[in-house]
Amino acid sequence: SSYWSLRDGESKSTIIPFDTTYTKIGCDSTGSYFDFWFSGLQPERYYEFLFRVDDEFTSNYYMDNFYFKLVR
């Protein structure tokens, strides 16, 4: 199973934490995906998605240092 989290790009504070129900990443025949509504974010700020992949025994975290800015 895989999950996403969102954090503030400047302060590094978590805005949306990993959650096994609400931040689960879907998968279909074309690959993995998740839907995200940007309307709840504050414009003119930088954000970063983080990813967690769980297997039977461990959780692996991935941070690609890719930041995006929400513009008006």
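- S5 contributes atom OG, which lies 10.0 Å from atom CE of M63 (distance to the nearest 0.5 angstrom).
- A side-chain donor from one of S1 and K24 sits under 3.5 Å from a side-chain acceptor of the other.
- K69 pairs by the salt bridge (charged side-chain N to carboxylate O under 4.0 Å, His left out) definition with E44, not counting sequence neighbours.
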Trace of the side-chain contact (heavy atoms from CB on, under 4.5 Å) decision for D8 with Y46: CA-CA 6 Å; D8 184 271; Y46 288 93; over 6 Å; no

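- Taking a 6.0 Å sphere around CZ of F36, one finds it holds more than 12 heavy atoms contributed by other residues, nucleotides or ligands.
- Here F57 sits alone; no ILVMFWY side chain lies under 4.5 Å from its own, so it joins no hydrophobic cluster.
- Relative orientation of the F49 and W4 rings is perpendicular, given thresholds of 30° and 60° on the angle between their planes.
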From CA spacing to verdict: side-chain contact (heavy atoms from CB on, under 4.5 Å), D19, Y3: CA-CA 7 Å; D19 184 277; Y3 309 93; over 6 Å; no

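- In this structure, OH on Y62 lies 8.5 Å from OG on S2, to the nearest 0.5 angstrom.
- A distance of 6.5 Å separates CG of L41 from CD1 of I16, quoted to the nearest 0.5 Å.
- Side-chain rings of Y61 and F18 approach one another, their centers coming within less than 6.0 Å.
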Go through the steps for I15 and Y47 under the test side-chain contact (heavy atoms from CB on, under 4.5 Å), then give the verdict. CA-CA 9 Å; I15 298 169; Y47 298 95; 3.4 Å; yes

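- Residues L70 and L50 are members of separate hydrophobic clusters, defined by side-chain heavy-atom contacts under 4.5 angstrom among Ile, Leu, Val, Met, Phe, Trp and Tyr.
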Stepwise, does the ring-ring contact (aromatic ring centres under 6.0 Å, His included) test hold for F38 with F68? CA-CA 11 Å; F38 291 88; F68 65 93; 5.7 Å; yes

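- Within 6.0 Å of the OH atom in Y22, the count of heavy atoms belonging to other residues, nucleotides or ligands does not exceed 12.
- Heavy-atom minimum distance, T14 versus R7: CA-CB, 3.9 Å.
- Expressed to the nearest 0.5 Å, how far CG of N60 lies from CG of D55 amounts to 6.5 Å.
- Interatomic distance, F34 CZ to C27 SG, rounded to the nearest 0.5 Å: 14.0 Å.
- Not counting sequence neighbours, the partners of D54 by the salt bridge (charged side-chain N to carboxylate O under 4.0 Å, His left out) test are R52.
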